[in-house]
Amino acid sequence: MAKPISIEVWNPSGKYRVVSTKSMPGTRWIRLLTDNDCRLEICTKAKTILSVDDILALIGDRCDAVIGQLTEDWGEVLFSALKRAGGTAFSNMAVGYNNVDVEAANRNGIAVGNTPGVLTETTAELAASLSLAAARRIVEADQFMRAGLYEGWLPHLSGQTVGVIGAGRIGSAYARMMIEGFKMNLIYYDLYQATRLEKFVTAYGQFLKANGEQPVTWKRAATMEDVLREADVISLHPVLDKTTYHLINPERLAIMKKDAILVNASRGPVIDEVALVEHLKANPMFRVGLDVFEDEPYMKPGLADMKNAVVVPHIASASKWTREGMATLAALNVLGKIKGYPVWGNPNQVEPFLNESATPPPACPSIVNAKQLGW
């Protein structure tokens, strides 16, 4: 029997019991649940990552829904426990759900929510920031200045090529920032054609040409390796699944330019971090900017010592508006399932749910397994 763990309770007499495995930013998400007859229990245990046993204790004997985090292991054990407790919904407070065994959720009839549409720009901004920090060696320069020295590196991004692997919403937003900000050419790889991105680059190229400047260009690569060989700055934006695990491995690192910049603000296991450390050691002009790591919250041995690596602690979505919006969407996902609402038509257009001066639409913003559940 799992031991009880500390919780904070809102609206104790609520009809529906909803558990949040972490305290989340803002208060709107709390009000949305409690105003709709939910008893909300928020785990207050001082622990970075809750174990399966911790979450089993939170679910208990009766639970209608759980809001969880990307760091938790949601598989058969937790979904079957949630089903036994009468639950029907779980939502990550994240756009990703590689921590979720969706098939296990399907077997137990549990709707799985996520929170896309709210962190596109902020994640793209962080990827762009890491690109610049790595290119201009900002961290090293800061350390040199603090040590009373003065060094300057002035690489030019203008006229170089930015490579994007995964040209979805975030990848395309990142590409636009780099192209318009630094007049870089684009090469991208995606299973689907990024028509809107291509039209943007074409139009911007025509604008530059009309003003007597060198136009920017775009190319859709036939293979991922083409992007890695040709680009000066490469940003990774794929989903994480068995096909993208260790997408960047020793062989692919070897074909990149020796002074290339590699940025990852998607998922840590996309990069073989051990291989990356060895590549950084062997190629001091190769630079990397990382917001995510293979074994979060830890880094592989040696990475922290690399001066040609810029590392930040998974802060791509760490703006007040974005994090509070993610909490709101996660809460509305489980509330919508409890209330029997339909699924929202476009999970990437969630502005109506985020307008604090209006009542949210009666819908679940994003349920990834809606079709499998016959919804």
Side-chain angles (χ1 to χ4, degrees), residues 7-43 55 58-60 62-70 72 74 78-79 81-83 85-95 97 100 102 105-106 108-119 321-375:
I7 58 170
E8 176 184 5
V9 180
W10 293 76
N11 191 29
S13 61
K15 177 180 178 182
Y16 308 103
R17 181 171 179 262
V18 176
V19 168
S20 178
T21 62
K22 290 284 186 186
S23 178
M24 299 191 297
T27 58
R28 184 175 182 236
W29 71 279
I30 296 174
R31 294 196 307 272
L32 288 168
L33 291 170
T34 56
D35 288 352
N36 282 277
D37 207 13
C38 291
R39 171 191 169 100
L40 174 62
E41 298 183 10
I42 304 172
C43 178
I55 300 172
L58 287 170
I59 292 172
R62 189 185 74 79
C63 182
D64 293 283
V66 177
I67 301 170
Q69 303 294 319
L70 189 65
E72 299 159 3
W74 278 84
L78 290 180
F79 283 125
L82 183 55
K83 179 182 180 180
T88 58
F90 163 79
S91 184
N92 257 357
M93 183 196 154
V95 63
Y97 50 94
V100 178
V102 178
N106 293 341
N108 289 282
I110 306 295
V112 175
N114 68 336
T115 61
V118 70
L119 65 165
W321 182 86
T322 297
R323 288 283 173 90
E324 290 185 3
M326 292 167 70
T328 294
L329 294 176
L332 290 174
N333 278 332
V334 300
L335 178 63
K337 178 59 176 174
I338 290 171
K339 293 288 190 177
Y341 294 156
V343 179
W344 186 244
N346 188 341
N348 293 318
Q349 294 181 353
V350 293
E351 290 81 4
F353 295 98
L354 304 177
N355 183 355
E356 296 194 22
S357 62
T359 301
C364 299
S366 178
I367 302 295
V368 302
N369 60 340
K371 290 183 179 178
Q372 293 92 324
L373 296 180
W375 199 341

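What you see below is based on every heavy atom in this structure, not just the backbone, and it leaves out hydrogens, waters and symmetry mates. Values in this document were obtained by computation on a predicted structure and should not be read as measured data.
- Panel note: side chain N333, backbone N114; a donor-acceptor pair is recorded below 3.5 Å.
- Residues R62 and D64 are paired through a salt bridge, judged by an N-O separation under 4.0 Å between the basic side chain and the carboxylate.
- The shortest heavy-atom contact between G60 and A85 is O-CB, 3.8 Å.
- Annotation: the span from L33 atom CG to I42 atom CD1 amounts to 9.0 Å, rounded to 0.5 Å.
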* When you look at I367 and K337, which way does the side-chain contact (heavy atoms from CB on, under 4.5 Å) test go after all the steps? -> CA-CA 9 Å; I367 302 295; K337 178 59 176 174; 5.7 Å; no
* To do: Just do the side-chain contact (heavy atoms from CB on, under 4.5 Å) check on I338 and V18 with the steps written out, would you?
  => CA-CA 10 Å; I338 290 171; V18 176; 3.7 Å; yes
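- Rounded to the nearest 0.5 angstrom, L329 CG and N92 CG are separated by 12.5 Å.
- Although no hydrogens or angles enter the test, the distance criterion places a donor-acceptor pair under 3.5 Å between the side chain of R39 and the main chain of P12.
- I59 contributes atom CD1, which lies 12.0 Å from atom CD of E41 (distance to the nearest 0.5 angstrom).
- The two residues L82 and A89 have their closest heavy-atom pair at CD2-O, 3.6 Å.
- In terms of heavy-atom proximity, F353 sits nearest to T328 at O-CG2, 3.8 Å.
- With hydrogens and angles disregarded, no donor-acceptor distance shorter than 3.5 Å links the side chain of T88 to the backbone of I110.
- When every heavy atom of P342 is checked against every heavy atom of P362, the shortest pair comes out as CD-O, 3.5 Å.
- No donor-acceptor contact under 3.5 angstrom links the side chains of N11 and T34, judged on distance only.
- Across L40 and W29, no two heavy atoms sit closer than the pair CD2-CZ3, 3.7 Å.
- A distance of 7.5 Å separates CZ of F90 from CD1 of I55, quoted to the nearest 0.5 Å.
- Here the OG atom belonging to S20 is positioned 9.0 Å from the CG atom belonging to L58, to the nearest 0.5 angstrom.
- Separation of atoms NZ (K339) and SG (C38) is listed at 6.5 Å; rounding is to 0.5 Å.
- The aromatic rings of W74 and F79 lie tilted to each other, with the angle between the two planes from 30° to 60°.
- In summary, the side chains of T21 and E72 do present a donor paired with an acceptor at a separation below 3.5 Å, with no hydrogens or angles considered.
- What you find for C63 and V19 is that their closest heavy atoms are SG-CG2, 3.9 Å.
- Side-chain atoms of N369 do not come within 3.5 Å of backbone N or O of V102 as any donor-acceptor pair.
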